[in-house]
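Have a look at the structure below before the remarks.
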There are 2 protein chains.
Amino acid sequence: MRDRSIPEATVGRLPVYLRALVEMAEHGTSTTSSEGLAEAAGVNSAKVRKDLSYLGSYGTRGVGYDVAYLIHQVRRELGLTQDWPVLIAGAGNLGRALVNYKGFGERGFRIVAMVDVEDGKVGERIGPVEIQDLSLLDEIVRSTEVAIGVICTPAAAAQEVADRMVAAGIRSILNFAPAVITVPEQVSVRKVDLSLELQILAYYEQRKAALEAVKDGLATLDLAGATAP
Amino acid sequence: MRDRSIPEATVGRLPVYLRALVEMAEHGTSTTSSEGLAEAAGVNSAKVRKDLSYLGSYGTRGVGYDVAYLIHQVRRELGLTQDWPVLIAGAGNLGRALVNYKGFGERGFRIVAMVDVEDGKVGERIGPVEIQDLSLLDEIVRSTEVAIGVICTPAAAAQEVADRMVAAGIRSILNFAPAVITVPEQVSVRKVDLSLELQILAYYEQRKAALEAVKDGLATLDLAGATAP
DNA sequence: CAGTGTGAACCTTTTCACAGCA
DNA sequence: TGCTGTGAAAAGGTTCACACTG
């Protein structure tokens, strides 16, 4: 435990642990075991122990973990002891939903600005933020010290918006547009693709249906019907 | 290439390839190489070739892949040659945004129903669907043959809604609620957690900031400030 | 001869299993 | 005694590199 860099897979689970821990704290639980946390987070206990061991030795053998202390450590590690100003590009349905999403504010992500290109939208106020013109992005980023940009534009506009964000100095981008965006390597990008998730579900759903057909004797074993020569 | 089951990691990338291929087809490109597809999908070419090899040998050595044919094969493999009726539970901002999201319909996901518990919402019409009472879920699933359920409720309601979905026979769930839901193992669940993604970005953003501070000589090398005894 | 398909090497992640400590 | 922390083994995923073929 002396390498400061935590495996990606672990970083991806820390927010899940954090949520589970916060919930425990709210219910008055002050101590938990790797087993208990595992259950609450939907993983197994070995994973929890290994993941937490990357942060340090914050547990007590024979007892477990102090919930409040662990919350603090996970928060610190994730960089959630500070607020992060966020800018949203694209004021469509999704962009609007995100502005109103309570979960962001609760976790220290403050949406400080929203930009769009449509004249009809610019000037409109959504909750506490006013939609501004995309051309002001650079200036907004500088004056509000935005660290994270969220892209909620149509796919066709995503790359241009990303380029502008990068030019303005943003180094972390969350991309909801169904498009691959290319950025310099020092910029982090994460993508959330709504229909991609449905497509993955469709794959497994189809597979289950096919499997049942076989069990019921309604079909032979050539599952998806592929027929290579 | 004789095992019908495709690695999870590959299944997760097939929709990305599909989108890239469809875009190519729309631009009139009829053939592509693993290199070309890799660039469009934001991965490397070895991965593309290996992934596609799980579907079969659909390329031509020295030439590449026929775009139209490959689209067909990927669609078939993902189960997108049929339509999938989808039900959304929770008519908040996100649920409403999803109903109006064009990307679903384009890919064969038809939102056939929407349910909520709030009296004020039930009866309201959002686009083509009317919000119905949650208690009707069972009946709706049977009559419309919904295969995929999407949870857009607050975290506190997620498990109950998931239970109802499972009881009604749904075997694929996409969960947007920031909560871990537990289901029988034959049910597939995928989750999309909006603030989780931001938290992951915050981690890397913080890391970059810390790294720069060190480079600029503003701090010593103890990156995140952890101080184990 | 360009570009696929694929074994083999490599790296990451998960799981096991148990020594070690409160 | 009970539960953490962690090496070691196993599984899964990625990349390399090249034989093979249209």
Side-chain angles (χ1 to χ4, degrees), chain A residues 1-14 16-17 20-21 24 29-67 69-70 73-74 77 185 200 203-204 226 228-229, chain B residues 1-14 16-17 20-21 24 29-67 69-70 73-74 77 185 200 203-204 226 228-229:
Chain A
M1 207 319 284
R2 217 70 293 272
D3 182 1
R4 239 56 298 295
S5 82
I6 295 174
E8 267 186 58
T10 297
V11 173
R13 282 186 297 266
L14 289 180
V16 180
Y17 298 151
L21 288 164
M24 285 179 184
T29 310
S30 64
T31 301
T32 187
S33 63
S34 60
E35 189 64 59
L37 182 50
E39 178 149 355
V43 301
N44 67 44
S45 63
K47 213 180 257 176
V48 168
R49 289 200 300 280
K50 181 123 290 181
D51 283 342
L52 295 183
S53 79
Y54 291 117
L55 311 191
S57 292
Y58 298 136
T60 307
R61 289 166 203 245
V63 179
Y65 302 90
D66 182 88
V67 172
Y69 184 56
L70 198 51
Q73 291 302 339
V74 175
E77 194 67 44
E185 71 167 328
I200 294 171
Y203 171 79
Y204 291 107
Chain B
M1 203 318 284
R2 216 74 290 275
D3 181 1
R4 236 61 292 297
S5 82
I6 296 176
E8 268 187 56
T10 295
V11 172
R13 281 186 297 264
L14 289 179
V16 180
Y17 299 152
L21 287 164
M24 285 178 185
T29 310
S30 63
T31 301
T32 187
S33 62
S34 60
E35 188 63 59
L37 182 50
E39 177 149 356
V43 301
N44 68 45
S45 63
K47 213 179 257 175
V48 168
R49 289 199 300 280
K50 181 128 284 189
D51 284 342
L52 295 183
S53 78
Y54 292 117
L55 311 191
S57 291
Y58 298 136
T60 307
R61 288 168 202 246
V63 179
Y65 302 88
D66 182 88
V67 172
Y69 184 55
L70 198 52
Q73 292 301 339
V74 174
E77 194 68 44
E185 70 167 327
I200 295 171
Y203 171 79
Y204 291 108

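The structure displayed is predicted, hence computed values, not measured ones. All heavy atoms count here, side chains included; hydrogens, waters and symmetry mates do not. Order of the sequence lines sets the chain letters (A, B, ...), proteins ahead of strands, with each chain counted from 1.
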Of all the nucleotides listed (D:dT4, C:dG5, D:dT6), which has the minimum atom distance to the side chain of A:Ser53?
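Comparing D:dT4, C:dG5, D:dT6 against the side chain of A:Ser53, the answer is D:dT6.
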Using side chain to side chain contact (heavy atoms under 4.5 Å, CB included), reason through B:Lys50 and B:Thr10 one step at a time and then give a plain yes or no.
CA-CA 9 Å; B:Lys50 181 128 284 189; B:Thr10 295; over 6 Å; no
Side-chain touch B:Val43/B:Tyr17, heavy atoms, less than 4.5 angstrom
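B:Val43 vs B:Tyr17: side chains touch.
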If you measure from CD on A:Glu77 to OH on A:Tyr58, what distance do you get to the nearest 0.5 Å?
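Spacing of CD (A:Glu77) from OH (A:Tyr58) equals 7.0 Å.
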Between atom CD of A:Glu39 and atom OG1 of A:Thr32, what is the distance when rounded to the nearest 0.5 Å?
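Interatomic distance, A:Glu39 CD to A:Thr32 OG1, rounded to 0.5 Å: 9.5 Å.
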Minimum heavy-atom distance A:Val11-B:Tyr203, with the two atoms named:
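It is CG2-CE2, 3.5 Å.
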Provide the closest heavy-atom pair for A:Met24 versus A:Gly36 in the form atom of the first, atom of the second, distance.
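That would be CE-O, 3.9 Å.
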Kindly determine whether A:Thr31 and A:Thr60 satisfy side chain to side chain contact (heavy atoms under 4.5 Å, CB included), including the steps that lead there.
CA-CA 10 Å; A:Thr31 301; A:Thr60 307; over 6 Å; no
Do nucleotides 10-18 of chain D as a string where each nucleotide becomes B, S or -: B if the base has a protein heavy atom under 4.0 Å, S if just the sugar-phosphate does, - if no protein is that close.
---SSB-B-
Just the rounded figure in Å: distance from C1' of C:dT4 to CG of B:Leu70.
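The distance from CG of B:Leu70 to C1' of C:dT4 comes to 12 Å, rounded to the nearest Å.
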As a test of understanding, state which of B:Asn44, B:Leu52, B:Asp51 forms a side chain to side chain contact (heavy atoms under 4.5 Å, CB included) with B:Val48.
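Checked B:Asn44, B:Leu52, B:Asp51 against B:Val48; only one passes side chain to side chain contact (heavy atoms under 4.5 Å, CB included): B:Leu52.
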Determine: side-chain N/O of A:Ser34 to OP1/OP2 of D:dT4, distance under 4.0 Å, yes or no.
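Looking at the OP1 and OP2 atoms of D:dT4, one of them is under 4.0 Å from a side-chain N or O of A:Ser34.
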Just to confirm, is there a sub-4.0 Å distance from OP1 or OP2 of D:dG2 to any side-chain nitrogen or oxygen of A:Tyr65?
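No, outside the criterion.
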Can you check nucleotides 19-22 of chain D for protein contacts, nitrogen or oxygen pairs under 3.5 Å, and list what you find?
residue	atom	partner	partner atom	Å
D:dC20	O2	B:Arg61	NH1	3.1

